[in-house]
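Structure first, then comments.
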Amino acid sequence: MMKIKDNQTRTYDGEGYKKRAACLCFKNDREEEVLLVSSSRHPDQWIVPGGGMEPDEEPGSAAVREVYEEAGVKGKLGRLLGIFENRDRKHRTYVYILIVTEILEDWEDSVNIGRKREWFKVEDAIKILQCHKPVHAEYLEKLKLACSSTNGNSVVSTLTGDTATLYVTSSQSPGMPSDLR
């Protein structure tokens, strides 16, 4: 399903969830410093770069495009950290790891809307994001868990109100909670 709104096409999965993609952008393989960007709606708040997938776009390609547009960086796309489901906002976000190899001086969103970017230690980024973007903080909180305990499976996290539920799904059925298979 597709919906066109304000100069963009939104795509939805079979259950009516908006399809999104994002990247946790790191300076290097140690994954100690993450790049955040200022929100377009609230320029004094930091967010993880990401956005809606275009029709027929693969999640990894969408994630790379979004960080190029929003953060002005290019890099090596790494593993899929997980698919994070937000039932309140009714969207599912594919979150990837990206190791930054190139930083543009000027980029689309910096020129068009004055977007900023800044490197943060992971622990500091979690604290900053918890106030206004708890699901974004959750990406970083699940980073170590996903690396150490899923054995290559996808992590699906559902955020409902103030409670979050973590699902681990096999890589054969990404996006489906294990208790529903």
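Positions are given from 1 along the sequence.
- Closest approach of R89 and N86 over heavy atoms only: N-OD1, 3.0 Å.
- In terms of heavy atoms, R92 sits closest to I83 at CB-CG2, 4.2 Å.
- Y139 and V37 fall into different hydrophobic clusters, defined by Ile, Leu, Val, Met, Phe, Trp and Tyr side-chain heavy atoms under 4.5 Å apart, directly or through other members.
- Atom CG in N28 sits 12.5 Å away from atom OG1 in T101 (nearest 0.5 Å).
- Here the NZ atom belonging to K121 is positioned 12.5 Å from the CD1 atom belonging to I128, to the nearest 0.5 angstrom.
- In this structure the side chain of L140 reaches within 4.5 angstrom of the side chain of L24, judged on heavy atoms.
- By the neighbour-count criterion of 12 heavy atoms within 6.0 Å, atom NZ of K90 is densely surrounded, having more than that number from other residues, nucleotides or ligands.
- Contact of the V122 side chain with the F26 side chain is registered, since non-hydrogen atoms from C-beta on lie closer than 4.5 Å.
- Shortest non-hydrogen contact noted between R117 and G72 is NH1-O, 3.2 Å.
- With values rounded to the nearest 0.5 angstrom, L143 atom CG is found 5.0 Å from I97 atom CD1.
- Distance check: L36 CG to K133 NZ gives 12.0 Å after rounding to the nearest 0.5 Å.
- Applying the ring-ring contact (aromatic ring centres under 6.0 Å, His included) test to Y68 and every residue at least two apart in sequence or in another chain returns nothing.
- Among all heavy-atom pairs drawn from E70 and W107, the shortest one is O-NE1, 2.9 Å.
- Residues F120 and I126 share a hydrophobic cluster, clusters being chains of Ile/Leu/Val/Met/Phe/Trp/Tyr side chains in contact below 4.5 Å.
- What you find for A22 and A63 is that their closest heavy atoms are O-CB, 3.7 Å.
- Remark: K18 fails to qualify as a cation-pi partner of Y12 under the 6.0 Å distance and 45° angle criteria applied to the six-membered ring.
- Here the CD1 atom belonging to I99 is positioned 5.0 Å from the CG atom belonging to D29, to the nearest 0.5 angstrom.
- With R20 contributing its side chain and H91 its backbone, the two residues share no donor-acceptor pair below 3.5 Å.
- Hydrophobic cluster membership differs between Y17 and V95, with clusters built from Ile, Leu, Val, Met, Phe, Trp and Tyr side chains linked at under 4.5 angstrom.
- To the nearest 0.5 Å, atom OG of residue S38 and atom CH2 of residue W46 are 5.5 Å apart.
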Can you give the donor-acceptor pairs under 3.5 Å from side chains of residues 47-62 to other protein atoms, not counting sequence neighbours?
residue: E57; atom: OE1; partner: E54; partner atom: N; Å: 2.8
residue: E57; atom: OE1; partner: R65; partner atom: NH2; Å: 2.9
residue: E57; atom: OE2; partner: R65; partner atom: NE; Å: 2.8

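- The shortest side-chain heavy-atom distance between S40 and D109 does not fall under the 4.5 Å cut-off.
- Minimum interatomic distance between C25 and W119 (heavy atoms only, all atoms of both residues): O-CZ3, 3.5 Å.
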